[in-house]
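Chain identifiers are assigned alphabetically (A, B, ...) following the order of the sequence lines, protein sequences preceding nucleic acid strands; residue numbering begins at 1 within each chain. Since we're looking at a predicted model, the values are computed, not measured.
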Amino acid sequence: MAKPSIPKGTRDFSPGELKKRNYIFNTIKEVYERFGYQQIETPSMELLSTLMGKYGEEGDRLIFKILKRGEKLNSALSLSGDLEKNSETKLSEEALRYDLTVPFARYVVMHQNEITFPFKRYQIQPVWRADRPQKGRYREFYQCDADVIGSNSLLNEIELIQMIAEVFGNLRVPVCIKLNNRKLLEGIAEVIGERDKMIDITIAIDKLDKIGLDQVNAELLERGLSASAIAALQPFLHLKGNFAEKMNVLKASMQQSEIGKKGIEEIEFIFNQLDSLDFSKMHASAGIELELDLSLARGLNYYTGAILEVKAKEVEFGSICGGGRYDDLTGIFGLKNVSGVGISFGVDRIYDVMEQSGKSFETAKEKPRVMIVNFGGEEMTMCQKYTHQLRNAGIRAEYYPDASKLKKQLDYADKNEIKYVIFAGSEEIANGRVKVKTMNSDQAEQHLSIEEFIHQIHP
RNA sequence: GUGAUUGUAGCUCAGUCGGUUAGAGCGCUAGAUUGUGGAUCUAGAGGUCGUGGGUUCGAGCCCCAUCUUUCACCCCA
């Protein structure tokens, strides 16, 4: 007998887990709504052409392609040689969505005539990646995106950062919000004379606290940077201190780079504005910090301005939230000059972080449940009527479906955290009063009419 | 894609140097208790030791392959 299984990197969610997950979803959703974002959904699958080339070479490889079926598959097979390089894209024309940002860009272009810009949307849906699963990495997971599209204002960046602080404050998860700017990174590459090596530089810098300075420099050399460029980079690698101190170093060394100066201007505006809003003071008690982190690279190649990433302080985990500004994502789909900025929470990782650091999940105060014992026979019709009455009064009520032994029925009530068990046998029905047992309490059994009972627990 | 790692009852795991009939706890079913759950006691069901080959008189244990689990790198939520 083959045991059933599920695809790797996917999970079942049992009632207990789902309650906790929903607590996180609801927290995020509440903040999004409160900040004026509107929900949309897009299909689980997109055309492969919509997704390909948007996430870099690595990303393309991780897209779950959907095999063509039937006649189309047969003709594709006969046309493409087995070893042909592009055979994957020839055998597939659809794919599961890889993230929510690119489908959103596609949505904006397709619905541009109905949308009033700036458009603030949020979207909470699963995405799929053909990755090797490991700690904190799944092949199916949820993203919770909020984006503003059609506005260049840096006030959007500020609002998104405030939303991040709200969400993690409400969840009571201390985090560090790391902020950087793509223009700053480009500026650095420019002033050290290796403008086209910007990606290599940021990937190497990203590893600074993992592999150390010497290794980083070795890797830079390996990636083809000149010795003089590496020497010129050192001040940036040694960047330390508070925001103002970092800023002074950057300003001093960025005189020759227009794009670098622009990056400094943007990041300074965001920090200063948040400062005058007392952002740090407001969220300090929740353990939420904001810092400028030059080592933050973020692989997605469509970011052009601010980039941000959030890490939990209590547990070592990948980033649990990320985002940034993309100036021309819709341009690929034919709508020019529309800038967007957004963030994305990774619910699955937030859940893992909360579990591992022993956080309490404030599951919603649930209404008490009521179960009516099933004695079988004629009484059951009356019991169904009682159940109907209870449900109409907004009470979570059910009857046990089988006339099983009482032990079994009460055991069910116990395991399911049902608070009240109602006995309505022939005697009770005859005198119009049911017997109510309150589980997990010393309270004596009560004899009440069903109306009195409803009034008692739901006045 | 690279390198490790795991698999024995529904679940968590023992299983000695390769040796006779593969164990425990939890869970499940039933009873002790005829219309009252949780605690206790008793009994019972439940296994092709991931799968397929091989070595051996003999394999849960050794070898090969394959699938699976988990982890690191890469990348990322």
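Ring to ring, A/Y420 and A/F453 are close: their centroids are under 6.0 angstrom apart. Aromatic ring centroids of A/F168 and A/F345 lie under 6.0 Å apart. In this structure, A/Y122 has its ring center no closer than 6.0 Å to that of A/F35.
Of the P atoms belonging to B/U70 and B/C11, the separation is 14 Å, rounded to the nearest Å. Across the P atoms, B/U68 and B/G50 are found 16 Å apart, a figure rounded to whole Å. Going from the P atom of B/C61 to that of B/C49 covers 10 Å, rounded to whole Å.
Cation-pi check for A/R129 over A/F64 is not met; the charged atom does not lie both under 6.0 angstrom from the ring centroid and within 45 degrees of its normal. Geometrically, A/K19 does not engage A/F361 in a cation-pi contact defined by less than 6.0 Å to the ring centre and at most 45° from the axis. Stacking of A/R349 on the aromatic ring of A/F141 is not recorded, the 6.0 Å distance cut-off and the 45° axial limit not both being met.
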For nucleotides 5-7 of chain B, which of its nitrogen or oxygen atoms have a protein nitrogen or oxygen under 3.5 Å away, and what is each distance?
none

Review point. Can A/E378 and A/S426 be said to form a side-chain hydrogen bond (donor to acceptor under 3.5 Å, both in side chains), step by step?
Key: CA-CA 8 Å; A/E378 300 282 315; A/S426 46; over 6 Å; no
Exercise for review: Start with the C-alpha distance between A/R433 and A/E428, add both sets of side-chain angles, then the distance that settles salt bridge (charged side-chain N to carboxylate O under 4.0 Å, His left out), and finish with yes or no.
Suggested key: CA-CA 5 Å; A/R433 280 161 180 257; A/E428 286 87 358; over 6 Å; no
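Counting any heavy atom pair closer than 4.0 Å across all strands shown, A/K8 reaches sugar-phosphate atoms only and no base atom. At a threshold of 4.0 angstrom between heavy atoms, the contacts of A/F345 with the nucleic acid are absent. Among the atoms of the strands shown, base atoms are found under 4.0 Å from some heavy atom of A/G136.
Applying the salt bridge (Lys or Arg N to Asp or Glu O under 4.0 Å) test to residues at least two apart or on different chains, the pairs with a partner in residues 41-52 of chain A are A/E46-A/R106.
Considering CG of A/N374 and CE of A/M380, their distance stands at 4.0 Å, rounded to 0.5 Å. Here the straight-line distance linking atom CD1 of A/I188 with atom CD of A/E194 works out to 13.5 Å at 0.5 Å rounding.
Of the residues in residues 122-130 of chain A, those lying under 4.0 Å from RNA chain B by heavy-atom distance are A/R129. Residues of residues 402-413 of chain A that place a heavy atom closer than 4.0 Å to RNA chain B, in numerical order, are A/K405, A/L406, A/K407, A/L410, A/D411.
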Exercise for review: Classify every nucleotide of nucleotides 40-45 of chain B by which part a protein heavy atom approaches to under 4.0 Å, writing B for the base, S for the sugar-phosphate alone and - for neither, in 5'-to-3' order.
Suggested key: ------
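Neither OP1 nor OP2 of B/U70 sits under 4.0 Å from any side-chain N or O of A/Q134. The phosphate of B/G37 (OP1 or OP2) has no side-chain N or O of A/K419 nearer than 4.0 angstrom.
Regarding A/E379, its CD atom lies at a distance of 12 Å from the P atom of B/G35, rounded to whole Å. Taking atom CZ of A/R137 as the reference point, atom P of B/U70 lies 13 Å away to the nearest angstrom. Counting to the nearest Å, the P atom of B/A39 and the NZ atom of A/K415 are 8 Å from each other. Distance CD1 (A/I63) to P (B/A77): 14 Å, rounded to an integer number of Å.
Nearest heavy atoms, A/R139 versus A/D131: NH1-O, 3.0 Å.
Residue ring and base: A/F141 counts as stacked with B/A77 (centre distance below 5.5 Å, interplanar angle below 30°).
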Check your understanding: Can you give the dot-bracket line for RNA chain B, using ( ) for pairs inside the strand, [ ] for pairs that cross earlier ones, | for pairs with another strand and . for unpaired bases, where Watson-Crick and G-U count if both distances are under 3.5 Å?
Key -> ((((..(..((((.....[...)))).(((((.......))))).....(((((..]....))))))..))))....
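A donor-acceptor contact under 3.5 Å is formed by the side chain of A/R349 with the base of B/C76.
Looking only at side-chain heavy atoms (C-beta outward), A/Y351 and A/E17 come within less than 4.5 Å of each other.
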